[in-house]
Amino acid sequence: MMNSMNDLLEELKKLFGNFEVQEIDEREVKIDVESDKVVGILTTLKSKGYSHLSLLTCVDWINENKFELIYILYSWQNGCKFIVATWIERKNPKFVTVMNLWPVARFYEREIHEFFGVEFEGNDDMKPLILELWDDIPPLRKDFDPLEYSKKKFPGRQYDKDVIQEALIFRGDKNG
Amino acid sequence: MSYERTIWEKIADNLRSRSMWMLHYCTGCGAVELPPSMTSRFDMERLGMGPMATPRQADIFLITGYLSVKTLRRVIYTYEQMPDPKYVVGFGSCTINGGIYYDSYATINRVDYYIPVDLYIAGCMPRPEAIFEAFTELMRMIRKGEAIGWKKYKENYEWYKQNQLKSLGEVYVHDEFHE
Amino acid sequence: MSQLLLILFIGSFLVYLLTRMNWIIGVLANIGLAIYSFYRLFTFKVGTSESIFSLIVNQNGTLVYSELSKFFGIISLIVAISVYFFLINWLEKQKNRAVFNFFLALITASTLGVFFSGDLLTLYIFWEIMLLFSVLLVQMGKEDSKKAALNYLTISLIGSYMYLYAVFMLWNRYGTLVIKDIVQKISVETSIFKWAVLILIAAAGIAKSGIFPLHTWLRTTQGSSPDAFSAILAGQLEKLGAYMLVLTVAVFPSLKMFPVLYGGIPVFNYVLIVLGMISILIGTLMAIKQNDMKMLIAYSTVSNSGYILIGLATMDKIGFAGGLFHAFNHAIASVMIFLSFAAVIYRTKTSKIDEMGGLIWKMPLTFITYLVGIISLAGIPPMSGFISKWMIFVVLVKKGMFLTAAAAFIGSVGSFLYVFRPLAGVFLGQLKSKHKDVKEVPIFMLIPMLVLVVITVFFGVIPGPVLNMITAVEKELNIQPLEHTMTVIKSSVGQWNTLTVFTMFAVGFIIAFILYMVFPKAKRIPLTNQYTAGEFLYNYDLYHYSTRFYAFFERLYEKHPSVEKLYEMFGKFFKDIGEFLNRWFYSASPSAYLLWFSIVLLAIFWVRW
Amino acid sequence: MTIFKVAAVLLTGFFVGLTLEGIARKIIARVQRRYGPPWYQNFIDVFKALSKHGFSHGWIFDFGVLMALGGVIATLSFVPLGNLVAFPGLDNVFVVLYLFAVGALGMAMGMVGSGNPNASIGVARALTQMLGYEVPYLVSLAAIIFYYKTSSISNLMNLQADSWNLFKMPIGAAVAFISLMGMLGKKPFDTPIAPAEIASGPMVELSSKYMGLLMLMHTFSIFVEISLFVDIFLGGGSYLVFLLKFTVVWIIATLISAVLPRFRIEQVVKFYWRVPLGLAFLQAFFVLIGWVF
């Protein structure tokens, strides 16, 4: 980890209390923070040179019943990356927008809303972005079954014979 | 499967089989197999085939790989813009039964449910040899009057439309990106 | 002739009164007057002269009817009649109809007066009448037309005062102003005098026909004057400029007056040819840039005036005939174009190319008028515009004037570019949704346009009648006449037959049509069914390519020098001087007036004028 | 008699033009080490296109196509093919060149009438390119007309019986050849129809018989352009000799275009107005002072 990042971490800890730090690479560090501190930390990081929000994404941890929101910030001054992660409730997920910090977040948040169903308060633009005429629960949630959906919506080919078995026999993996 | 043709249609079909202009809809990985088939090793032009820039000029429509729901809408739109007679060739297993994307919520499983496909090329992806085999077969089919997907589309238009609507909802979406 | 002019001038007052009562009757009266004078042009005997009022001692004003006056008179009356017909419907939406009609009638009368004038002063008087009323008409247009009228007035006055100065010079020297007398005397004068007189007279023509460097008024004036009047301006008034140029290069025998240079062309004419070349280049390049369709054609007028001037200045039998024929063609073609624009603006209320599109589906006949007009203007066979351009090309090549020829070629190919812009932007392409309810213009606006279409095609196929008139003019001016038959135009470097070309074009079209009919019928699809790279659109207003049509070409000469800006700089300079004087020397008190008055008086006494 | 001659000229244009286009495809293929299509491929292409059931965008679209083909057929009939001259004495250079513009205007009008912006951009580029190549071409032709004092193509052809203009005025011939490349729309001057940029430009909405008719028009225009060059610079000759010269010029043009990339449109105009126009004036100057070999 680079010195500047260490210093910055110290400063952040002073400001926002302790949080879990995970070093991924020499120039990459992931911090896990509580959800009410995220905006403050992001603001601080932005003022310290991490001005590029290169990604805002979400992970569905269905066993913990939580969503993990991940902000990846990049600094063009020293090429370092801060990954700020936070956990929100999976049931009725809500978070605040960072549109005022990065206007581009409007589209990231639209996408997350479309694929995970997370609401971002303050972002007025929650229309679907990528999918056209989607009619089911958000598709990247773990409780969504794509195969079932695919079968329901996109009929596959009906084969008379079990071709997979035949192919296996043909190849000699199985006796016919 | 062939239909009654007049002598003029037979001549025309013969000409069509020797001059197939294609529109390659490069949505999937199959597109990468086309440059080798066009360039010096295999040279598609010796069969009278060539790439065309717009659907208006094209005769055959190559669907080179999987189709997502979004691209399928465009494929249908483009297919309807092509002049008759038109032939569709599906590349690879994705167009046949979904291939490795058979369980994806975003890609469709078989193309001929939505538009008529005259010929499939199996493989993931098919090699240029397979592509040439397919094209010579397509040429034979056109000469014999067996490549009648465009007629089928006209005759069974209701069925195709109903399938399209079932899988896609509305075919042509009207949202903020189409203003 | 004086009788005709009298009838016209009195008639125009009558037109005014009639229009006050009922404007349609007024317009009809105007048409009647014009048709009557058109008929009278053919009854006059060529060569008659009459004397009218005398303004200066010992000097009666004279009117002379020559072949030249007949030729130009016919052009300007064809233009006038077709525009007056157009007014039957067009005037309905105009305010001040009576005044509009009155001025138009006066302009036609004074234009004819200019063509009939036998001496320079009579010419000047009619010229100024025409100028005055055309300025008053120009300012009746759009909101910025007042400024345009001022611009027009300033530059026209520069021209006409220079002309007046030449008149004074001639009067001072010879004591006569009759053109015939002067022409006989002038060729033995000193060269400085000859140069001065001819340049000063040509200045009026240069200003009027929009030749560089006095072309700057055309853009604003054509752009903002009333739409129907733009046609008069292009077809009738600018041909006055051409008449003036004929006067300077041919009536005054430039061949005898000046030493002959390369190609058998007098040195004075070379100056004019260079001006013509520059006009062609400026007109072409600037027309390509315009977004307002009227301004675009205004610049094309600059370019075509350059052609006319070059053709006339060569003083060759083909070139001179080409110049005269081009004056005819340009008058007809520009009237067609401006009338079709007036029709478009009548319906859509805009003249910006990028605000329109697809009007062909709503106004097909207007489109045909415009199409034939531009084919003639751009000089493409089988319309008559090509014949005159061909003559000019031939003479330039024959004389080996390659630079001028290159300019002419640039102008000619460039004209394809600029005439195509309104065609593509206004008439073709996607119909704008706000123009969904536009209809074709009423019948009386269509009649003159279609008649002009027929005239253009007819003289393109059988140019004989016009060429006969032109050869008569050439004979009168002691130029060897052009050899031609009804459809064959001969020159020393080859000939061609307009009828054969037209027949072959018809044959080609028929062959194409047969092929078209033999093969399977195509399905008609709407313009919204487009190749859009697979994407479906709903707003086709944005799918029409008309803004900055030739952007890639315009970029090549973005940083061009501009005469217009130079003049604006002069204008600003004079304004600043005025303000300076105003601030320092002017105070509104009797004593200041008295002071300056006495200073001026003293100065006059001192130099003893 | 004239009718038969015109028919002969048109049929020559059709057969020779299409055959040579096929041969050009073959040559390009061989340059790129491919096998290439058969020589009669373009006949198949044209008739296949004509046999299809296409789409029309309204009357101006149809009319534009007819005007394009009609104009080019009219132009072709005035072009002398060696000693096969349909209209002796009436085949004026300027008439032919400007009659050619009827076809171009028809095509431009029809294609823009389709309402596709790609077509408009292509047409705008084509017209700009025309402004580029016509000027040097016309200046070099003007020098020749000035030298021979005739502008009839067949006369120009016959007057160079002793020595071809190619040798008499090599600079002018070079200029005309460069302009010819632009007229043919061969690389590096194929900006107007750049398929990968603007979806084949003017032809973007052309389907079926419209495509076929415009392919015919294109063939005829190529035939006219090269014939003019052969007649004026290579001394024409008898009908067969003419065709031989025609083939040679066409093959050279094809070979050059086979190895070149594409200019941008402003580069085209800049190039034409810098190099060939300057050379054309040089040639004109040489003709004026009598330096003709």
Side-chain angles (χ1 to χ4, degrees), chain C residues 358 360-361 371 375 379-381 386 390 393-394 396-398 400 402 405-406 409-410 413-414 416-417 420 423-424 428-430 492-497 500-501 504-505 507-509 511-513 515-516 519-525 527 529-531 533 543-545 549-550 552-553 555-556, chain D residues 50-58 60 66-67 69-71 73-74 77-78 87 89-90 92 94-95 98-99 101-102 105 108-109 112-113 115-117 120-121 123-124 127-128 130-131 134-135 138-139 142-143 145-146 149-152 199 204-205 208-209 213 265-266 269-270 281 284 288:
Chain C
I360 178 175
W361 310 113
L371 179 66
I375 291 180
I380 298 175
F386 173 68
W390 182 82
F393 289 156
V394 159
L396 292 179
V397 171
K398 191 182 81 180
F402 294 113
F409 294 144
I410 290 176
V413 183
F416 301 160
L417 267 77
F420 194 73
L423 185 79
L428 301 177
Q430 314 284 351
S492 63
V493 294
Q495 54 174 354
W496 68 293
N497 188 337
T500 321
V501 169
M504 274 325 294
F505 181 68
V507 168
F509 196 85
I511 294 176
F513 189 70
L515 283 177
Y516 175 83
F519 290 102
K521 208 167 153 9
K523 199 172 127 202
R524 170 83 168 85
I525 50 172
L527 253 69
N529 189 340
Q530 292 281 335
Y531 167 69
Y543 208 55
H544 179 39
Y545 178 74
F549 201 73
Y550 297 111
F552 39 81
F553 183 61
R555 246 178 263 139
L556 291 179
Chain D
L50 287 171
S51 79
K52 292 185 78 172
H53 305 263
F55 305 108
S56 156
H57 277 291
I60 190 66
L66 294 185
M67 186 169 153
L69 185 58
I73 287 177
S77 62
F78 281 94
F87 300 101
L90 296 177
N92 199 289
F94 293 120
V95 175
Y98 278 84
L99 198 54
V102 180
L105 180 73
M109 200 169 67
V112 175
N116 198 304
S120 303
I121 295 171
V123 166
L127 289 172
T128 311
M130 193 166 167
L131 185 60
E134 283 285 359
V135 179
L138 284 169
V139 170
I145 296 169
F146 177 71
K149 300 282 177 244
T150 175
S151 59
S152 151
V204 61
E205 281 293 314
S208 70
K209 66 178 172 189
L213 293 177
I265 183 68
E266 55 258 49
V269 178
K270 264 189 204 166
F281 279 126
L288 275 181

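Protein chains get the first letters and strands the later ones, always in sequence-line order, with residue 1 at the start of each. All of these numbers come straight from a predicted model, not from anything done at the bench.
The side-chain heavy atoms of C:Tyr550 and D:Leu127, taken from C-beta on, include a pair separated by under 4.5 Å. You'll find the side chain of D:Asn92 stays beyond 4.5 Å of the side chain of C:Gln495, heavy atoms only. At least one side-chain heavy atom of C:Trp361 sits under 4.5 Å from a side-chain heavy atom of D:Ile60. Side-chain contact check for C:Gln530 versus D:His57: some heavy-atom pair is nearer than 4.5 Å. Side-chain contact between C:Phe549 and D:Ser120: present, with at least one pair of heavy atoms (C-beta onward) separated by less than 4.5 Å. The side-chain heavy atoms of D:Phe78 and C:Trp496, taken from C-beta on, include no pair separated by under 4.5 Å. Residues C:Phe386 and D:Val95 meet the side-chain proximity criterion, which asks for heavy atoms closer than 4.5 Å.
Here the side chain of D:Glu266 pairs no donor or acceptor atom with the backbone of C:Phe553 at under 3.5 angstrom. D:Glu205 places a side-chain N or O within 3.5 Å of a backbone atom of C:Tyr531 that can act as its donor or acceptor partner. Without hydrogens or angle criteria, D:Lys209 side chain to C:Tyr516 main chain gives a donor-acceptor distance under 3.5 Å.
Options C:Ile511, C:Leu417, C:Leu515 differ in how many heavy-atom pairs under 4.5 Å they form with chain D, and the most are formed by C:Leu417. Contact tally against chain C (heavy-atom pairs below 4.5 Å) for D:Val204, D:Leu138, D:Ile145, D:Ile73: the top residue is D:Leu138. Between chain C and the options D:Val102, D:Leu50, D:Val123, D:Leu213, heavy-atom pairs under 4.5 Å are most frequent for D:Leu50. Note on D:Gly113, D:Ser152, D:Ser208: by heavy-atom pairs under 4.5 Å with chain C, the leading option is D:Gly113. In terms of heavy-atom pairs under 4.5 angstrom with chain C, the leader among D:Leu105, D:Ile121, D:Leu69 is D:Ile121. Between chain D and the options C:Val394, C:Ile375, C:Val507, C:Ile360, the largest number of non-hydrogen pairs under 4.5 Å is found for C:Ile360.
In this structure, the portions of C:Val501 lying under 4.5 Å from any heavy atom of chain D include both its backbone and its side chain. For C:Leu556, the part sitting under 4.5 Å from any heavy atom of chain D is the side chain, from C-beta outward, and nothing else. Of the atoms belonging to D:Leu66, heavy atoms from both backbone and side chain fall under 4.5 Å from chain C. In this structure, the portions of D:Thr128 lying under 4.5 Å from any heavy atom of chain C include both its backbone and its side chain. Interface residue C:Leu371: only side-chain heavy atoms are found under 4.5 Å from chain D. Residue contact with chain D, scored on non-hydrogen atoms closer than 4.5 Å, involves the backbone and the side chain of C:Leu527 alike. With a 4.5 angstrom heavy-atom cutoff, D:Leu288 touches chain C only via side-chain atoms. Using a 4.5 Å cut-off between heavy atoms, C:Ala405 makes no contact with chain D at all. With a 4.5 angstrom heavy-atom cutoff, C:Leu423 touches chain D only via side-chain atoms. For D:Phe94, the parts sitting under 4.5 Å from any heavy atom of chain C are the backbone and the side chain alike.
Surrounding NZ of C:Lys523 are at most 12 heavy atoms belonging to other residues, nucleotides or ligands under 6.0 Å away.
Across every non-hydrogen atom of D:Met67 and C:Phe509, the tightest pair is N-CE1, 3.8 Å. Residues D:Met109 and C:Leu428 come closest through the heavy atom pair O-CD1, 3.4 Å. Across all non-hydrogen atoms, the minimal contact from C:Val397 to D:Ala142 is CG1-O, 3.4 Å. Between D:Gly70 and C:Ala512, the shortest heavy-atom contact is N-CB, 4.1 Å. Closest non-hydrogen pair, D:Gly115 versus C:Gln430, comes out as O-NE2, 2.7 Å.
Under the ring-ring contact (aromatic ring centres under 6.0 Å, His included) test applied with D:Tyr98, the options C:Trp390, C:Phe505, C:Phe393 reduce to a single match, C:Phe393.
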Would C:Phe552 and D:Val269 satisfy side chain to side chain contact (heavy atoms under 4.5 Å, CB included), going step by step from the backbone distance to the final call? CA-CA 10 Å; C:Phe552 39 81; D:Val269 178; over 6 Å; no

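Remark: C:Arg524 CZ to D:Ser56 OG distance equals 6.0 Å, nearest 0.5 Å.
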